[in-house]
Amino acid sequence: MNSPSQPLPTFDEVLLCTPQTTEEQVGLFLRRCLIPCSRGEKIYTMLYADELSYDVSCRAEKLFQHLQHYSSTYRLVILCNCEREHSYIPSVFSQYKVHMIPQRPLVEIQRYLQHHYRVTQSSSSAASVFKDNMCVGIVSSKRAGVGK
């Protein structure tokens, strides 16, 4: 995010974890990250790794220990909810823990995201629904089930 020309992460660089995330999904992600190939300078990110089930977390740790011997130059970020820091994955990787505070002002982050998510051509797309021709948006309500 140092400049607007830097791209957003691609689909293969991010794994959004849920309690339903499978061992196979985590394994494929870790292999992409840890096995050397022509992957360039990608930064791989596991989001909400604390949400993984205990079994999947144990197997992920074993696979990580096995695969990290193939490369010493991998770039992996594991993001967890600080309220769940005692779950398996945050505990296992606690020696590498860094409490993170965004280094850029919110306005700068928003500008960067707007640069990448704005639909530039005028067409009849869903982007016309969102403010400033954005192709993504957040719809929320304080009341559940009101037709969002």
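Just so it is clear, the model here is predicted, and its values are computed rather than measured. The first residue in the sequence is number 1, and the count goes up from there.
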Subject >> ILVMFWY network linking Tyr70 to Tyr44, side-chain heavy atoms under 4.5 angstrom >> reply: yes
Please output the side-chain donor-acceptor pairs of residues 49-56 that fall under 3.5 Å, not counting sequence neighbours, one pair per line with the distance.
{"from": "Asp50", "atom 1": "OD1", "to": "Asn81", "atom 2": "N", "distance (Å)": "3.1"}
{"from": "Asp50", "atom 1": "OD2", "to": "Arg84", "atom 2": "NE", "distance (Å)": "2.9"}
{"from": "Ser53", "atom 1": "OG", "to": "Val56", "atom 2": "N", "distance (Å)": "3.3"}

Original post:
Below 4.5 Å, heavy atoms only, C-beta onward: do Leu76 and Phe29 meet side chain to side chain?
Top reply: yes
Checklist entry - Going through the checks in order, is the side chain to side chain contact (heavy atoms under 4.5 Å, CB included) test met by His66 and Leu34? => result CA-CA 10 Å; His66 173 72; Leu34 297 169; over 6 Å; no
| message | With a 6.0 Å cut-off (strictly less than), is the heavy-atom count around CD of Gln65, excluding the residue itself, greater than 12? | response | yes
Contacts satisfying side-chain hydrogen bond (donor to acceptor under 3.5 Å, both in side chains) that involve residues 86-95 (not counting sequence neighbours) are Glu61-Tyr88
Residue set satisfying side chain to side chain contact (heavy atoms under 4.5 Å, CB included) with Phe93, at least two apart, ordered chain then number -> Phe64, Ile78, Ile89, Tyr96
All heavy atoms of Leu30 vs all of Met46, minimum pair found to be CD2-SD, 4.5 Å
With sequence neighbours left out, the residues meeting ring-ring contact (aromatic ring centres under 6.0 Å, His included) with His116 are Tyr112
For Arg104 and Ile109, the nearest pair of non-hydrogen atoms, with its separation, is O-CD1, 3.7 Å
Grouping ILVMFWY residues whenever side-chain heavy atoms fall under 4.5 Å, the cluster of Val14 otherwise contains Leu16, Ile43, Leu47, Tyr48, Val77, Leu79
For residues 10-23, the salt bridge (Lys or Arg N to Asp or Glu O under 4.0 Å) pairs (sequence neighbours left out) are Asp12-Lys42, Glu23-Arg59
